[in-house]
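Following: one structure in structure tokens, then a few remarks.
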Amino acid sequence: MAANEQGARSQYSIECNRLTRKFGSFTAVDNLSLRVRKGELFGFLGPNGAGKTTTINMLTTLIHPTSGSAKVAGFDLATDAAMVRSRIGVVPQSFSLFEELTPIENLWYLGELYEMKKELVAQRTEELLKIVTLYDKKDVQSGTFSGGMKQRLSVAAGLMHQPEILFMDEPTTGLDPQSRIALCELTQRLNQTGITVIYTTHDMDEADKICQRIAIMDHGKLAALGTSAELKSLQGHSHKIRVEFDRLNEQMVDELKKLVGAVSATVDGKSVELRVKRLKPNMVRALSEFADRKSVSVGDLKISEPTLEEVFIGLTKKELRD
Ligand SMILES: Nc1ncnc2c1ncn2[C@@H]1O[C@H](COP(=O)(O)OP(=O)(O)OP(=O)(O)O)[C@@H](O)[C@H]1O
Ligand SMILES: [Mg+2]
């Protein structure tokens, strides 16, 4: 089979098989096996030092695996690195373009590096600067840009040679909330055009919002992988009901657990947190009738779903940023 055909045939953008990278005796990525489907917006979540960048560096052919193998865009890292490189774009963790050049000059430089035809460079440059909303800044020195503008320019640079997979390593870290939202929206729009996106982030709400599936890494290993809903279901409950009364005793807690079908309950002063697998209809009315029967009054009542943050802390026993 010709190499080109081989790449096109795979239904996966990435297939890692026991991918491992050691630095001396330290194992930064430990037997990582996972598959990313074509067209996915796939998130890598993990605390500092989990091995996210090391994984990306291997998948983008910057460093060699110590053992294990991986295919990217259907091509083996070990035997077809050039084919892999021709099909991927990278937005690195820190700005790596020329600060003294303008966006136009930076993109032309890349076009020449990739040996693209002049007409194509001109067309891509204009198209991409419009997509990342930097067209009106095309002749301004990149060094004067804000963090968000630099990241958008990095995205344009990563897309210059029309890659089918875009790797983005913590693209929103250090950005203000508005630039963050703009970059997330841009990422989603790009993904909707069919580009597979590998997205690492520390921001769990962001991963929750934009990623179709998420891999949680810790100590170089895969701790969990799934959609946000699948990961949240690992918590064993679908909702938490936190309700405060003016009086609360053990018997009331037992009755409340039965009333709402809770799998567990935690008491905190006059509040109780009940965790249920499924939210019953008319839960609020049932609680208020319960309060009437017991002649107590209900204070605060809050119903919430588990967050990715809770799942993450449950799995890794640590916060993302300490
Ligand atoms: N070139 C290297 N030499 C030695 N150790 C390294 C090297 N590169 C990474 N490491 C170590 O490997 C581990 C994983 O690092 P990596 O940069 O992949 O983590 P990360 O998940 O990207 O973290 P962050 O969220 O901080 O970017 C860390 O303990 C790091 O110190
Ligand atoms: Mg990193």
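In each ligand, atom 1 is the first atom listed, and ligand 1 is the first ligand listed. The residues of the chain are indexed from 1 along the displayed sequence. These numbers come from a predicted model, not from an experiment.
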Cut-off 3.5 Å, no hydrogens considered: what does the side-chain donor-acceptor table look like for residues 296-307, sequence neighbours left out?
| residue | atom | partner | partner atom | Å |
| --- | --- | --- | --- | --- |
| Ser297 | OG | Asp246 | OD2 | 3.1 |
| Thr307 | OG1 | Glu309 | N | 3.4 |
| Thr307 | OG1 | Glu310 | N | 3.2 |

>> Please determine whether a side-chain nitrogen of the Lys or Arg among Glu126 and Lys130 lies less than 4.0 Å from a carboxylate oxygen of the Asp or Glu.
In response: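 Looking at Glu126 and Lys130, the cut-off is met.
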> Do Glu255 and Lys258 sit within salt-bridge range, that is, some charged N less than 4.0 Å from a carboxylate O?
Replying inline: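 No, Glu255 and Lys258 are not salt-bridged.
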Tell me whether [X] contacts the main-chain N or O of [Y] through its side chain, where contact means a donor paired with an acceptor under 3.5 Å.
X: Thr61; Y: Ala81; result: no
X: Asp268; Y: Ser271; result: no
X: Lys137; Y: Ser142; result: no

Could you list which atoms of ligand 1 come closer than 4.0 Å to a heavy atom of [X]?
X: Glu170; answer: 24 (P), 25 (O), 27 (O)
X: His202; answer: 25 (O)
X: Phe26; answer: 11 (C), 12 (O), 13 (C), 29 (O)
X: Thr53; answer: 17 (O), 18 (O), 20 (P), 22 (O), 27 (O)
X: Gln93; answer: 27 (O)
X: Ala28; answer: 12 (O), 13 (C)

>> To check your reading of the site, what angle at the Mg ion (ligand 2) do OE1 of Gln93 and OG1 of Thr53 form, to 10°?
In response: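 Approximately 80° at the metal, rounded to tens of degrees.
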> Are Phe44 and ligand 1 in contact, using a heavy-atom cut-off of under 4.0 Å?
Replying inline: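 For ligand 1, residue contact (heavy atoms, under 4.0 Å) with Phe44 is absent.
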>> Any atom of ligand 1 sitting under 4.0 Å from a heavy atom of Gly51?
In response: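 Per 4.0 Å heavy-atom rule, Gly51 contacts ligand 1.
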> Are any of the N or O atoms of Thr55 closer than 3.5 Å to those of ligand 1?
Replying inline: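 Such a contact does not occur with ligand 1.
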> Which option, Gly49, Pro47, Gly46, owns the non-hydrogen atom nearest atom 28 (C) of ligand 1?
Replying inline: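 Going through Gly49, Pro47, Gly46 one by one, Gly49 has the nearest heavy atom to atom 28 (C) of ligand 1.
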> Listed by chain and number, what are the ring pair (Phe, Tyr, Trp, His ring centres under 6.0 Å) partners of Phe98, not counting sequence neighbours?
Replying inline: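 Expected list: Tyr109.
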>> For Asp169, run the side-chain hydrogen bond (donor to acceptor under 3.5 Å, both in side chains) check against Thr53, Thr60, Thr55 and tell me which one passes.
In response: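 One option only clears the test, and that one is Thr53.
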